[in-house]
Amino acid sequence: MNDALPVYDALVVGGGPAGLTAAIALAEAGARTALLARRAPYADNRTTALLGESIGLLERLGVWRRCSDKSAALHTMRLVDDTGRLIRAPEVRFESGEIGLEQFGFNIDNRSLIAALEERAAELSGLTRIDADAASIEPEDASVGVRTTTGQSLAARLVIGADGRHSVCREAAGITVRRRELNQSALTFNIAHKRPHKNISTEFHTPEGPCVFVPLPGDRCSIVWVSSPAEAARLIALSDDELAEAAEKRSHSIFGRVRVEPGRNLFPLAIERPGQYAKHRVVLVGESAHVLPPIGAQGLNMGLRDAADIADIVGKTISAGEDPGAPQVLVRYQSARRSDVMSRTFAIDIANRSLLSDLLPVQSLRAAGLHLIGSIGPLRRLAMREGLAPSWRRAG
Ligand SMILES: Cc1cc2nc3c(=O)[nH]c(=O)nc-3n(C[C@H](O)[C@H](O)[C@H](O)COP(=O)(O)OP(=O)(O)OC[C@H]3O[C@@H](n4cnc5c(N)ncnc54)[C@H](O)[C@@H]3O)c2cc1C
């Protein structure tokens with residue numbers, strides 16, 4: 001390594017929502033931070049349901065006030081069994097008031113969220129932005145050397161791999177990943193509709209996966225429609241009027257007449273689990289650390305908890321005058337994130353499998369489980385709280 005190079009405390013690779021949040025949180029925690037991320041217009045029309053503590057984190061980081069007017073509050077979550085099967089689950093309604101909250105969270109389009117994160121990141125003097133991709137990453141004993149696609153050399157004591165599914169950071173650290181394709185695709189698009197959504201998110205469960213209508217500001221919703229890849233390919237090829245008709249039918253006309261807004265995207269679904277979350281001075285945050293199907297809106301909410309945890313751990317380490325890339329720091333991060341990520345990946349996988357299964361015993365179990373959750377208050381409240389954040393975090 002070149003001795004003349006400045007050595008950052010933390011170098012974040014990747015400028016998606018998880019990477020931007022991690023970079024801001026690290027700089028706020030007192031780490032000399034660099035963000036290596038190419039500036040590019042956000043490429044899809046996805047929205048994110050930000051739940052519970054995600055909003056608190058974005059408020060503390062000075063981000064939420066810049067984009068909250070683009071979001072819609074989520075007061076009620078409705079699960080509707082639309083499988084048409086012999087054994088069906090009863091409808092379950094989760095009301096935020098039942099656990100003393102005004103709302104579970106807010107749904108916001110990713111473009112507005114990213115714009116607010118970019119704006120906040122640009123204000124921080126402890127955060128250096130490098131407008132390029134990482135070409136190579138070489139963990140060494142005392143630091144990590146990074147070469148950018150524009151030929152610049154960088155060094156940091158800790159690298160935060162926020163570079164998504166095909167993470168070069170993960171590969172450079174020698175972390176292997178287990179990937180399972182789900183033979184399902186999610187179609188995303190937004191609609192304007194005649195009747196108000198009343199801040200209710202409605203999830204229709206079909207034998208091919210859930211189709212969720214999530215409130216946006218005004219009389220608008222974002223839709224995540226999970227189906228077989230063949231059905232998703234058919235839906236995305238429909239004209240606006242045909243897709244509006246299909247969405248109206250899928251929603252049982254609860255929103256009245258539907259108009260499809262411009263922009264549609266398809267996401268093939270998979271589950272990815274890396275063997276570790278930290279190794280050789282590299283930690284993983286966001287989709288480099290976990291890929292899940294979009295059920296229960298957990299993906300980015302977990303990614304934001306990754307960002308909050310690494311910033312907290314690094315902040316304390318630097319205050320104590322210690323090395324932020326030292327093995328004990330990586331162990332602390334690994335143990336902070338492991339149970340949250342593993343338990344949620346497991347729960348979502350089971351929920352998805354139980355929906356797709358043609359086996360009567362599995363369908364009965366699913367129906368019975370939802371019946372219990374729907375009818376037993378303490379169980380329902382536990383499910384709601386657990387959906388927002390793991391219990392051990394709330395206690396802490
Ligand atoms: C249909 C759908 C709906 C979803 N809905 C929700 C929801 O409601 N709530 C929720 O919490 N989650 C949701 N998720 C999950 C959420 O979208 C993801 O968890 C989140 O977008 C991941 O963000 P990220 O920053 O980790 O990754 P990405 O957004 O993939 O960002 C990675 C970034 O790294 C960059 N990069 C890659 N390689 C390099 C390199 N070599 N050098 C530098 N940069 C690099 C890429 O350009 C990219 O900008 C949903 C997902 C899907 C598919």
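Ligands are counted one by one from 1 in listed order, and the atoms in each one are counted from 1 as well.
Given atom 30 (O) of ligand 1, the protein heavy atom at minimum distance is G164 CA, 4.1 Å. The single protein non-hydrogen atom nearest to atom 25 (O) of ligand 1 is A18 N, 3.0 Å, given as residue, atom name and distance. At the top of the distance list for atom 32 (C) of ligand 1, counting protein heavy atoms only, stands A162 O, 3.5 Å. From the protein, the heavy atom lying nearest to atom 18 (C) of ligand 1 is E287 OE2, 3.5 Å.
Counting protein heavy atoms under 4.0 angstrom from atom 14 (N) of ligand 1 gives zero. There is a protein heavy atom closer than 4.0 angstrom to atom 10 (C) of ligand 1.
A side-chain donor from one of N301 and S54 sits under 3.5 Å from a side-chain acceptor of the other. In summary, the side chains of N110 and T48 do present a donor paired with an acceptor at a separation below 3.5 Å, with no hydrogens or angles considered. In the model, E242 has a side-chain atom that pairs as donor or acceptor with a side-chain atom of S239 under 3.5 Å. Side-chain contact annotation: N107 with T47, donor-acceptor N/O pair under 3.5 Å present. Between the side chains of R147 and S153, a donor-acceptor pair is found at a separation under 3.5 Å.
Every residue two or more places apart in sequence or in another chain was checked for a salt bridge (charged side-chain N to carboxylate O under 4.0 Å, His left out) with D241, and none qualifies.
If you look at T188 next to ligand 1, the close heavy atoms, those under 4.0 Å, all belong to the side chain. Only side-chain heavy atoms of V168 come within less than 4.0 Å of ligand 1; its backbone N, CA, C and O stay farther off. The proximity of A37 to ligand 1, defined as any non-hydrogen pair under 4.0 Å, does not occur for either the backbone or the side chain. With a 4.0 Å heavy-atom cut-off, ligand 1 is reached by no atom of L50. Residue contacts with ligand 1 for R46 involve side-chain atoms from C-beta outward but no N, CA, C or O (heavy atoms, distance under 4.0 Å). The side chain of P294, and not its backbone, has at least one atom closer than 4.0 Å to an atom of ligand 1 (non-hydrogen atoms only; side chain from C-beta on).
Per-residue contacts place G286 under 4.0 angstrom from the following atoms of ligand 1 (heavy atoms of the residue considered): 26 (O). Close contacts between ligand 1 and L36 involve ligand atoms 43 (C) [criterion: under 4.0 Å to a heavy atom]. Atom numbering of ligand 1 starts at 1 in the shown order; those under 4.0 Å from a heavy atom of T48 are 7 (C), 8 (O), 9 (N), 10 (C), 11 (O).
Residue pairs meeting the salt bridge (charged side-chain N to carboxylate O under 4.0 Å, His left out) criterion with at least one partner in residues 320-332, sequence neighbours excluded, are R281-D323.
Taking distance alone, with nitrogen or oxygen atoms compared against 3.5 Å, N301 approaches ligand 1 more closely than that limit.
Contact check on E28 versus R120 returns a salt bridge, with a Lys/Arg side-chain nitrogen under 4.0 Å from an Asp/Glu carboxylate oxygen.
Between atom 42 (N) of ligand 1 and the options A134, G14, C169, the minimum heavy-atom separation is to A134. Residue nearest to atom 7 (C) of ligand 1, selected from A135, A49, P293: A49 (by heavy-atom distance).
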